[in-house]
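Structure first, then comments.
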Amino acid sequence: MQITPESPDDAQDIEALLDLAFGTERSGKTVYRLREGVAPIPELCTVIREDGTLKGSLRFWPVVIGDARVPALLLGPVAVAPADRGKGYARELIWSGLERARQLGYGIVLLVGDEPYYVKFGFTRALTMALSLPGPVDLNRFLGLELYSKALWGVSGTLQRANPDEAQPLHRPACDSAA
(Lines give C-alpha, C1' and ligand atoms only; values in the text may rest on other atoms or scores of the structure.)
Protein backbone atom coordinates (compact mmCIF):
# COMPACT_ATOMS: atom_id res chain seq x y z
CA MET A 1 0.00 0.00 0.00
CA GLN A 2 1.40 3.37 -0.99
CA ILE A 3 -0.11 6.71 -0.05
CA THR A 4 0.58 9.45 -2.57
CA PRO A 5 -0.54 13.06 -2.94
CA GLU A 6 -3.76 13.52 -4.86
CA SER A 7 -3.16 14.85 -8.36
CA PRO A 8 -5.54 16.65 -10.74
CA ASP A 9 -5.64 13.44 -12.78
CA ASP A 10 -7.28 11.69 -9.80
CA ALA A 11 -10.37 13.94 -9.72
CA GLN A 12 -12.64 11.80 -11.91
CA ASP A 13 -11.68 8.56 -10.13
CA ILE A 14 -12.19 10.17 -6.72
CA GLU A 15 -15.67 11.39 -7.65
CA ALA A 16 -16.59 7.90 -8.86
CA LEU A 17 -15.24 6.41 -5.62
CA LEU A 18 -17.20 8.92 -3.52
CA ASP A 19 -20.39 8.13 -5.47
CA LEU A 20 -19.80 4.43 -4.85
CA ALA A 21 -18.98 4.89 -1.16
CA PHE A 22 -21.52 7.58 -0.17
CA GLY A 23 -24.04 7.85 -2.99
CA THR A 24 -24.73 10.60 -5.46
CA GLU A 25 -26.98 12.47 -3.00
CA ARG A 26 -24.08 13.22 -0.62
CA SER A 27 -23.69 16.83 -1.74
CA GLY A 28 -26.83 17.83 0.17
CA LYS A 29 -25.22 17.17 3.54
CA THR A 30 -24.16 20.01 5.83
CA VAL A 31 -20.44 19.24 5.55
CA TYR A 32 -20.65 19.49 1.77
CA ARG A 33 -22.12 22.98 2.07
CA LEU A 34 -19.04 23.97 4.10
CA ARG A 35 -16.90 22.80 1.17
CA GLU A 36 -18.81 24.62 -1.61
CA GLY A 37 -16.61 27.08 -3.45
CA VAL A 38 -13.59 26.18 -1.31
CA ALA A 39 -10.65 24.12 -2.53
CA PRO A 40 -9.37 21.26 -0.40
CA ILE A 41 -5.90 21.71 1.04
CA PRO A 42 -3.63 20.12 -1.58
CA GLU A 43 -0.83 19.26 0.85
CA LEU A 44 -3.27 17.12 2.82
CA CYS A 45 -5.21 15.34 0.05
CA THR A 46 -3.98 11.82 -0.56
CA VAL A 47 -4.90 8.64 -2.40
CA ILE A 48 -4.03 4.98 -2.36
CA ARG A 49 -3.67 3.22 -5.70
CA GLU A 50 -2.78 -0.39 -6.40
CA ASP A 51 -1.93 -1.47 -9.94
CA GLY A 52 -3.22 1.86 -11.20
CA THR A 53 -6.63 1.47 -9.55
CA LEU A 54 -7.82 3.97 -6.96
CA LYS A 55 -8.47 2.14 -3.68
CA GLY A 56 -8.92 5.05 -1.28
CA SER A 57 -8.97 8.83 -0.94
CA LEU A 58 -8.80 11.39 1.85
CA ARG A 59 -9.29 15.14 1.70
CA PHE A 60 -9.06 17.94 4.25
CA TRP A 61 -10.87 21.26 3.85
CA PRO A 62 -10.28 24.60 5.55
CA VAL A 63 -13.03 25.91 7.80
CA VAL A 64 -13.18 28.65 10.40
CA ILE A 65 -14.95 28.66 13.73
CA GLY A 66 -17.14 31.40 15.17
CA ASP A 67 -16.86 35.17 15.05
CA ALA A 68 -13.13 34.93 15.79
CA ARG A 69 -12.79 32.83 12.59
CA VAL A 70 -10.38 30.39 14.21
CA PRO A 71 -8.85 28.22 11.46
CA ALA A 72 -9.52 24.49 11.53
CA LEU A 73 -9.56 21.50 9.23
CA LEU A 74 -12.61 19.52 8.18
CA LEU A 75 -11.55 15.92 7.60
CA GLY A 76 -13.34 14.07 4.87
CA PRO A 77 -14.49 12.53 3.01
CA VAL A 78 -12.35 9.47 3.54
CA ALA A 79 -13.48 6.80 1.12
CA VAL A 80 -12.37 3.28 0.34
CA ALA A 81 -13.68 1.11 -2.46
CA PRO A 82 -16.28 -1.27 -0.99
CA ALA A 83 -14.33 -4.34 -2.11
CA ASP A 84 -11.26 -3.04 -0.23
CA ARG A 85 -12.86 -2.16 3.10
CA GLY A 86 -11.28 -3.81 6.11
CA LYS A 87 -7.79 -3.73 4.60
CA GLY A 88 -6.67 -0.74 6.68
CA TYR A 89 -6.62 1.79 3.83
CA ALA A 90 -8.81 4.36 5.60
CA ARG A 91 -6.83 3.97 8.82
CA GLU A 92 -3.53 4.56 7.02
CA LEU A 93 -4.88 7.54 5.09
CA ILE A 94 -6.19 9.13 8.30
CA TRP A 95 -3.04 8.54 10.41
CA SER A 96 -0.87 9.85 7.58
CA GLY A 97 -3.11 12.88 7.01
CA LEU A 98 -3.26 13.79 10.69
CA GLU A 99 0.50 13.57 11.05
CA ARG A 100 1.01 15.74 7.96
CA ALA A 101 -1.51 18.30 9.30
CA ARG A 102 0.36 18.39 12.61
CA GLN A 103 3.68 18.90 10.77
CA LEU A 104 2.16 21.78 8.80
CA GLY A 105 1.08 23.49 12.02
CA TYR A 106 -2.67 22.87 12.07
CA GLY A 107 -4.17 22.52 15.53
CA ILE A 108 -7.84 21.60 15.11
CA VAL A 109 -9.44 18.84 13.04
CA LEU A 110 -13.21 18.36 12.92
CA LEU A 111 -15.44 15.80 11.23
CA VAL A 112 -18.87 14.27 11.13
CA GLY A 113 -18.59 10.51 11.58
CA ASP A 114 -19.00 7.52 13.83
CA GLU A 115 -17.29 8.14 17.17
CA PRO A 116 -16.65 4.41 17.82
CA TYR A 117 -14.51 4.38 14.64
CA TYR A 118 -12.81 7.76 15.00
CA VAL A 119 -12.04 7.56 18.73
CA LYS A 120 -8.96 5.45 17.93
CA PHE A 121 -7.50 8.52 16.21
CA GLY A 122 -8.31 10.71 19.22
CA PHE A 123 -11.56 12.29 17.97
CA THR A 124 -14.25 12.90 20.55
CA ARG A 125 -17.61 14.61 20.85
CA ALA A 126 -16.45 16.30 24.06
CA LEU A 127 -14.22 18.67 22.05
CA THR A 128 -17.08 19.99 19.91
CA MET A 129 -19.61 20.76 22.64
CA ALA A 130 -19.07 24.54 22.23
CA LEU A 131 -19.23 24.30 18.43
CA SER A 132 -22.13 24.03 16.01
CA LEU A 133 -22.69 23.34 12.35
CA PRO A 134 -24.73 25.55 9.97
CA GLY A 135 -27.30 22.92 9.15
CA PRO A 136 -28.87 19.68 10.24
CA VAL A 137 -26.54 17.03 11.60
CA ASP A 138 -26.61 14.41 14.32
CA LEU A 139 -24.49 16.24 16.90
CA ASN A 140 -23.36 12.92 18.40
CA ARG A 141 -21.42 12.46 15.15
CA PHE A 142 -19.75 15.91 15.29
CA LEU A 143 -16.25 15.15 16.55
CA GLY A 144 -13.06 17.07 17.19
CA LEU A 145 -9.36 16.43 17.63
CA GLU A 146 -6.65 18.72 18.97
CA LEU A 147 -3.36 18.20 17.17
CA TYR A 148 -1.66 20.01 19.99
CA SER A 149 -2.74 20.49 23.58
CA LYS A 150 -5.57 22.98 24.18
CA ALA A 151 -5.95 23.96 20.51
CA LEU A 152 -9.72 24.21 21.07
CA TRP A 153 -9.44 25.90 24.46
CA GLY A 154 -11.84 28.84 24.54
CA VAL A 155 -12.96 28.28 20.93
CA SER A 156 -16.70 28.41 20.32
CA GLY A 157 -19.14 29.16 17.56
CA THR A 158 -20.45 27.87 14.28
CA LEU A 159 -18.27 26.34 11.59
CA GLN A 160 -18.11 28.44 8.43
CA ARG A 161 -16.47 28.26 5.03
CA ALA A 162 -12.96 29.63 5.04
CA ASN A 163 -11.91 32.40 2.68
CA PRO A 164 -8.80 31.56 0.66
CA ASP A 165 -6.59 33.75 2.85
CA GLU A 166 -7.89 31.95 5.97
CA ALA A 167 -6.87 28.47 4.82
CA GLN A 168 -3.69 28.67 6.85
CA PRO A 169 -2.54 26.61 9.80
CA LEU A 170 -2.80 27.98 13.29
CA HIS A 171 0.76 27.33 14.38
CA ARG A 172 1.39 25.57 17.63
CA PRO A 173 2.45 27.87 20.43
CA ALA A 174 6.17 27.73 21.19
CA CYS A 175 5.47 26.83 24.81
CA ASP A 176 3.54 23.69 23.86
CA SER A 177 5.75 20.63 23.85
CA ALA A 178 3.06 18.18 22.69
CA ALA A 179 3.77 16.55 19.36
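These numbers come from a predicted model, not from an experiment. Side chains included, hydrogens not; waters and symmetry mates left out as well; all remaining heavy atoms used.
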Which pair of non-hydrogen atoms, one from [X] and one from [Y], has the smallest distance, and what is that distance?
{"X": "Leu17", "Y": "Leu54", "result": "CD2-CD2, 3.7 Å"}
{"X": "Pro40", "Y": "Cys45", "result": "CB-SG, 3.5 Å"}
{"X": "Pro136", "Y": "Thr30", "result": "O-OG1, 2.7 Å"}

Min side-chain heavy-atom separation [X]-[Y] under 4.5 Å:
{"X": "Ile3", "Y": "Leu93", "answer": "yes"}
{"X": "Leu110", "Y": "Ile65", "answer": "yes"}
{"X": "Thr4", "Y": "Thr46", "answer": "no"}
{"X": "Leu143", "Y": "Val112", "answer": "no"}
{"X": "Phe22", "Y": "Pro77", "answer": "yes"}

Is there a path of hydrophobic side-chain contacts, each under 4.5 Å between heavy atoms of I/L/V/M/F/W/Y residues, joining [Y] to [X]?
{"X": "Trp95", "Y": "Tyr106", "result": "yes"}
{"X": "Val119", "Y": "Leu127", "result": "no"}
{"X": "Val31", "Y": "Leu139", "result": "yes"}
{"X": "Val38", "Y": "Leu104", "result": "no"}
{"X": "Ile41", "Y": "Val64", "result": "no"}

side-chain contact (heavy atoms from CB on, under 4.5 Å) assessment of Leu159 paired with Phe142: CA-CA 11 Å; Leu159 266 64; Phe142 183 32; 3.7 Å; yes
Taking only residues two or more places apart in sequence or in another chain, which ones pass ring pair (Phe, Tyr, Trp, His ring centres under 6.0 Å) with Tyr117? Phe121
List for me each residue that meets salt bridge (charged side-chain N to carboxylate O under 4.0 Å, His left out) alongside Arg35, sequence neighbours excluded, and say none if there are none. none
Scan residues 122-143 for pairs that pass salt bridge (charged side-chain N to carboxylate O under 4.0 Å, His left out), counting only residues two or more places apart or in two chains. Asp114-Arg141
Please collect all salt bridge (charged side-chain N to carboxylate O under 4.0 Å, His left out) contacts where either partner lies in residues 36-54, sequence neighbours excluded, each pair once. Asp10-Arg49, Asp13-Arg49, Glu36-Arg161
What do the steps show when you test Val109 against Leu111 for side-chain contact (heavy atoms from CB on, under 4.5 Å), and what is the final call? CA-CA 7 Å; Val109 183; Leu111 63 81; 5.6 Å; no
Applying side-chain hydrogen bond (donor to acceptor under 3.5 Å, both in side chains), can you list everything that pairs with Ser156, at least two apart in sequence or on another chain? none
Can you measure from [atom1] ([X]) to [atom2] ([Y]) and round to the nearest 0.5 angstrom?
{"X": "Glu99", "Y": "Leu44", "atom1": "CD", "atom2": "CG", "value": "11.5 Å"}
{"X": "Ser96", "Y": "Leu58", "atom1": "OG", "atom2": "CG", "value": "8.5 Å"}
{"X": "Leu147", "Y": "Gln103", "atom1": "CG", "atom2": "CD", "value": "11.0 Å"}

Show every side chain to side chain donor-acceptor pair (under 3.5 Å) that has at least one partner inside residues 53-62, sequence neighbours left out. Glu6-Arg59, Lys55-Asp84
Walk me through it: do Leu75 and Leu98 pass the test side-chain contact (heavy atoms from CB on, under 4.5 Å)? CA-CA 9 Å; Leu75 183 153; Leu98 292 174; 4.3 Å; yes
For Val70, run the side chain to side chain contact (heavy atoms under 4.5 Å, CB included) check against Val63, Ile108, Leu131 and tell me which one passes. Ile108
Under the side-chain contact (heavy atoms from CB on, under 4.5 Å) criterion, do Leu133 and Leu34 qualify, and how do the steps go? CA-CA 9 Å; Leu133 289 161; Leu34 288 167; 3.9 Å; yes
